[in-house]
Amino acid sequence: MVETTLDPADWAQFRRVAHDVLDQLISYIENVESRPAWQPVPEEVKRRHTAGLPEDPQDLATLCSQISTDVLPYATGNIHPRFFGWVHGAGTADGLIAAMFVAAMNSNVGGRDHAAVYVERQVMAWFRELVCFPSDASGLLVTGTSTGTLVALAAAREKVPFERRHQLRVYASAEAHLSVRKALKLLGLPDTALCVVEVDERFAMSIPKLRASIAEDRARGLLPFGIVGTAGSTSTGALDDLRALAEVSAAEKTWFHVDAAIGIATLMHPRLRHLVDGIDRADSVSFDCHKWMQAQYDVGGVLVRDGEAHRRAFSAVANYLPREQRGTAGGDPWFCDFGPELSRGFRALKVWLLVSTHGTRALGEVVYKSHLQAQRLAELVAGASDMELLAPHPLSTVCFRFAVPDTEGPDKTDQLNRDIVITLQERGIAVPSLTTVRGKVGIRVNITNHRTTMNDIVELFDRMRQVRNELGG
Ligand SMILES: *Cc1c(COP(=O)(O)O)cnc(C)c1O
């Protein structure tokens, strides 16, 4: 009888294929600029991706060439220096190496006693240091800020009686990320749990409006239990006044959570760090490593000051998961006690390698560089007579648009800007995205890419104008 394993029948041949692939991928990253920033997936390629469940084995080298032709060229585009859409990080070459180590070990970091656990603890200790959280705060790497916020708010809910869930209120600004609403929904809270607080002229949560909402809610017998501050909003990069929010939260005895998906990176540069002043007073912080910090997808994290509340929200016992003092089942506490996942990948290694390879100084320089590039773009826009800035740009996101004369109507302006963005994308020149700011559709350029140079910004600006002229109107 043949005892099947999934190992290569011929390791020498596997080694050759693997080496070739590695070489190819290094070139893929090295030469990213020679390819379009984005290109659509051709119909025939889409069709090939609908082939049915394979029963028979196929040759690995052939499959690798298939990936090279049908997958690699049609990436999101975010490793390209002129990708400015949404908030995407670019990843690093060292991330490729981390991914290989992780795949070889195939560790399950839900718990137990093995090296990956210690690497993740070390990485979380680094983030505690960065945010100035106490050493007994708990921390966990997760898929991203959406999960981080869910985990943090689950810990917060441990502090209030769940029977009162119909009266619970969480305050976030109108600019807060949709993941806050999602988290509350997943926690079983009704839609009324979220109180959307208006923003001021800088798109920051209005503190007087927040105070007023809380007072009103208390008068109605509701139970204010959380305030979510945004350290860098997705649409415009707006920053809530975290210090002021911390003060309101302390006075009202609520849980103060900070969504630092974007803002976490500013802590690495001395000239930007003040933008998130007050983050150290949060009860919990969720953040992304795969955005402005440049780690490969997917990885973000969550820190919770009250580690016990955090553990209570997620720990569960089962007879098949006993904890031991020694042996493989040691290593208490286990990460699975702090989040929804039991089996967890070794996300920590890519963060560890990234931060160790470059150090926070170089990572911070990249963040500051993006910030300066955004300021330069904003200057160019401000200097153009047919363009208008739509919002302040305190971080590295700039929202603006080409205006058309009033006589042609606002819909025409919206459509023009949409067409410019889509044309730039389809031609593979650059990938900005679209947003709506105070009812105006605008071009949104977000710079969170370590490969972007000032030349790319100038080129983007020139090419936008060129496309605008071609489109006429
Ligand atoms: C991207 C983003 C999120 C969600 O993060 P994911 O990593 O995509 O889950 C939350 N908040 C803000 C402000 C973001 O920009």
Side-chain angles (χ1 to χ4, degrees), residues 76 78 83-91 95 127 131 140-154 170-186 194 196-197 199 202-205 226-242 245 256-267 275-276 279 282 284-303 339-341 344-345 347 350-351 354 367 370-371 374 391 393-399 433-437 444-449:
T76 327
N78 51 308
F83 187 94
F84 306 110
W86 307 277
V87 190
H88 281 38
F127 281 107
V131 174
L140 179 77
L141 289 179
V142 288
T143 51
T145 300
S146 301
T147 312
T149 298
L150 171 66
V151 166
L153 293 179
V170 173
Y171 306 82
S173 92
E175 292 292 303
H177 194 264
L178 61 88
S179 52
V180 177
R181 189 181 289 278
K182 246 193 209 180
L184 296 174
K185 198 171 200 165
L186 284 169
L194 181 64
V196 177
V197 182
V199 292
R202 292 171 306 122
F203 295 84
M205 195 192 304
I227 298 175
V228 178
T230 301
S233 75
T234 316
S235 188
T236 68
L239 297 140
D240 284 341
D241 181 345
L242 302 182
L245 293 184
F256 178 35
H257 175 71
V258 174
D259 172 345
I262 304 171
I264 187 81
T266 62
L267 287 165
L275 294 170
V276 297
I279 195 172
S284 53
V285 178
S286 53
F287 56 88
D288 271 328
C289 308
H290 54 216
K291 286 179 174 169
W292 218 354
M293 282 192 70
Q294 314 297 333
Q296 253 84 346
Y297 285 93
D298 44 19
V299 61
V302 56
L303 293 171
E341 299 163 330
R344 304 169 67 247
R347 293 195 187 98
K350 60 191 169 193
V351 182
L354 170 84
V367 173
S370 317
H371 170 75
H393 35 84
L395 287 182
S396 65
T397 305
V398 191
C399 299
S433 62
L434 289 153
T435 190
T436 305
V437 182
R444 182 175 162 287
V445 172
N446 170 80
I447 309 164
T448 43
N449 185 325

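FYI, the numbering just counts along the sequence from 1. Ligands are counted one by one from 1 in listed order, and the atoms in each one are counted from 1 as well. Note that these values count all heavy atoms, side chains included, but never hydrogens, waters or copies made by symmetry.
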Would you check if Thr448 and Lys291 make a side-chain contact, meaning some heavy-atom pair closer than 4.5 Å? no
Atoms of ligand 1 less than 4.0 Å from Thr145 heavy atoms? 3 (C), 4 (C), 5 (O), 6 (P), 7 (O), 9 (O), 10 (C)
Consider side-chain contact (heavy atoms from CB on, under 4.5 Å). Of Val285, Val228, Leu242, which one does Phe256 pass it with? Leu242
Relative to the heavy atoms of Ile262, which atoms of ligand 1 are at a distance of less than 4.0 Å? 15 (O)
Assess the side chains of Asn446 and Thr397: does a donor N or O sit below 3.5 Å from an acceptor N or O? yes
for atom 14 (C) of ligand 1, nearest protein heavy atom and its distance come out as Lys291 NZ, 2.9 Å
Could you tell me the residue and atom name of the protein heavy atom closest to atom 9 (O) of ligand 1, and the distance to it rounded to 0.1 Å? Ser146 OG, 2.6 Å
Does the side chain of Asn449 come within less than 4.5 Å of Asn78's, by heavy atoms? no
Report the nearest protein non-hydrogen atom to atom 5 (O) of ligand 1: residue, atom name, distance rounded to 0.1 Å. Asp288 OD2, 3.1 Å
Would you check the N or O atoms of Thr234, main chain and side chain alike, for any that come under 3.5 Å of an N or O of ligand 1? yes
Using non-hydrogen atoms of the residue, decide whether Ser179 is closer than 4.0 angstrom to ligand 1. yes
Does the side chain of Thr145 reach to within under 4.5 Å of the side chain of Ser286, using non-hydrogen atoms? yes
Who's the nearest protein heavy-atom neighbour of atom 11 (N) of ligand 1, and how far? Asp259 OD2, 2.6 Å
